[in-house]
Amino acid sequence: MKVLEVFIKMFNKKFLKNLFGFSMINWIAFIIGFVSTLILTRVYNPSELGAISIFISLTSVYQVTVSMGQDQFIVRKYYEQENKEKLISTILILELISWIILMIITIFLSSFLSKLILGEINIFAVIATSVISLPLSLFRLITQISKLENAIFEHGKQILIFNLVSRIIVIGIGFINKDYNLYILCYSIVVFVISMLFFIKEIKKIKTNNHSKEKISCLDLKIAMNYGLPLMMASVMFMIKDLLPRVILREEGTLHDVGILGAAMTLASSINVVISGFNTYFSAYFFENYEEDKGQINVIHHMLVFVLVESLIILSLFSGIISLLVGESFRDAGSIFPIIAMFSISQVISETTVHGINVKEKTYLHIIITLIALIAIYTCSILLVNKYGVLGISVSYSVGGLVFYFLRTILGQKNYRNINKIGVTHVVLVITFLVSIFNHIYFNNYLLRFSVLIITGIIIALIYKQYINKFLKLLKILLQKKREKSDDN
């Protein structure tokens, strides 16, 4: 099928309509996150923000542990399962069991865990983290459901209210009292209330639309657990990738360094405004359409690579300005965040290449892939942190991202090949990684830095010229059809 025809087919399937809808939500969430980050770097010093960032990372690890991989199981089975209430009830039972086990382990090991991760004995912090992990997991579940239902408005309401309120709490506490435990208490209460309110509302709606009283069997639980458990283990390791560099940097450096890294990671998330709408919608799109795929996913892949890489280059060009917007103590984060952003780019691009693993239900491979990527991050961090500090951790983080991408792509395409000319993507990602490091090294040499970034951007545009031209032709055809329709009316 010709590239242009593939694009038109994508429009007919309303792929881009839903993509733009979910992207708009994330644009607003990005603005909230970016503005709040600029404020946070003025309210908190790097050491205080470093302690908070470790807590937030630990919360993410706990949340995916409780989820038991069921946030991915529902994506895989939602369109196949007619009885949605039974499916969701099965998931809830597994998540509740997982949460109870996690609570018991945390209570018994609270002193050890807090000393290992937080650097001090803080039983309250780790127990609070385990308590809110269930509401966070339930919130994750209902946001998945709203995506699968293509309920853009409802999904937007869930995400934006959660982000806005939680950010206001962080900033507000900083203005009133910068006590770490007070922040944990307030954050936990807000997260619990918001998550449970949205969850109760969604469950009531599902019960209204489904009246089946079919009982849940042990076999149902076993199927869900067998699918989700490997994904949960992979997800936990994936979340540890954010926590591990912070812990290593705290041990080998200071909380001040952790704060700089945390700010850089937050700035790096600015690339998520480009990818999050895609990341939000693509999995649901894939499983709904992969059996009838005639080249759409290949086109999506290459256009995604082009957009992401060019977006990172543009962000790198403006990284000097961005560094001036944060607090003076956080200025170093401005030159580092493009390097860190490479992980997000690598991970999202791999979403278009990895689904062969899930199609064949070989989810255990996710554990192997994530473990190897985590080992790569840990090894590089240990080798580089003493000499290069935050920069060494950032490079290690991105190396892990590239390892993650290559393994997911190789194994995913082996099980379900849907991408042509994948070698081009490999080369472009490696070049982009090297350019992001170059951007940091020559950060103050504006002429040289800008010249290399612009030339790289032009070369990449030439590489993807075919897709750009076809896309522009598509837009021309669509605009012409819209004018003809308006004339007829």
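Here the structure is a predicted model, which means the values were calculated and not measured.
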Could you check if a side-chain atom of [X] sits within less than 4.5 angstrom of a side-chain atom of [Y], using non-hydrogen atoms only?
| X | Y | answer |
| --- | --- | --- |
| Met342 | Leu402 | yes |
| Phe404 | Leu374 | no |
| Ile336 | Leu261 | no |
| Val390 | Asp332 | no |
| Ile349 | Leu429 | yes |
| Tyr397 | Ile339 | no |
| Ser133 | Leu102 | yes |

For residues [X] and [Y], report the shortest heavy-atom separation together with the two atoms involved.
| X | Y | value |
| --- | --- | --- |
| Leu308 | Ile345 | O-CD1, 3.9 Å |
| Ser319 | Pro338 | CB-CG, 4.4 Å |
| Ile184 | Ala128 | CG2-CB, 3.7 Å |
| Pro135 | Val191 | CB-O, 4.5 Å |
| Leu138 | Leu92 | CD2-CD2, 3.5 Å |
| Ile161 | Ile194 | O-CD1, 4.4 Å |

[X] (side chain) donor-acceptor with [Y] (main chain) under 3.5 angstrom:
| X | Y | result |
| --- | --- | --- |
| Trp99 | Leu94 | no |
| Ser110 | Ile123 | no |
| Ser195 | Phe192 | no |
| Ser398 | Val395 | no |
| Ser130 | Ile127 | yes |
| Ser98 | Thr65 | yes |
| Ser350 | Gln347 | yes |

With a 3.5 Å cut-off and no angle check, do the side chains of [X] and [Y] form a donor-acceptor pair?
| X | Y | value |
| --- | --- | --- |
| Glu95 | Ser137 | yes |
| Thr353 | His301 | no |
| Gln63 | Ser67 | yes |
| Tyr62 | Thr106 | yes |

In Å, rounded to the nearest 0.5 Å, how long is the span from [atom1] of [X] to [atom2] of [Y]?
| X | Y | atom1 | atom2 | answer |
| --- | --- | --- | --- | --- |
| Met265 | Ser344 | CE | OG | 9.5 Å |
| Ile372 | Ile377 | CD1 | CD1 | 12.5 Å |
| Ser396 | Tyr388 | OG | OH | 11.0 Å |
| Ser394 | Ile340 | OG | CD1 | 3.5 Å |
| Leu113 | Phe108 | CG | CZ | 13.0 Å |
| Met225 | Met232 | CE | CE | 10.0 Å |

- Item | CA sep, side-chain torsions, deciding dist, call: Leu141, Ile91, side-chain contact (heavy atoms from CB on, under 4.5 Å) | CA-CA 9 Å; Leu141 178 63; Ile91 290 170; 4.1 Å; yes
- Message: Between Phe139 and Phe162 (judged by ring centroids, cut-off 6.0 Å), do the two rings come close enough to count as a pair?
- Response: yes
- Query: In terms of the angle between their ring planes, are Tyr183 and Phe55 parallel, tilted or perpendicular, with boundaries placed at 30° and 60°?
  - Reply: perpendicular
- His426 and Tyr405 aromatic ring geometry - parallel, tilted or perpendicular at 30°/60° bounds: perpendicular
- Task: Please report the C-alpha distance between Val399 and Phe433 in whole Å, then the side-chain angles of each, then the deciding distance to 0.1 Å, and finally whether the side-chain contact (heavy atoms from CB on, under 4.5 Å) criterion is met.
- Result: CA-CA 9 Å; Val399 168; Phe433 169 65; 3.9 Å; yes
- Query: Is the CZ atom of Phe443 crowded by more than 12 outside heavy atoms at less than 6.0 Å?
  - Reply: yes
- Message: If you count every heavy atom of other residues, nucleotides or ligands that lies below 6.0 Å from Phe318 atom CZ, does the total exceed 12?
- Response: no
- Query: Between Leu407 and Ile368, does a side-chain contact (heavy atoms from CB on, under 4.5 Å) hold up when you go through it step by step?
  - Reply: CA-CA 9 Å; Leu407 290 175; Ile368 299 171; over 6 Å; no
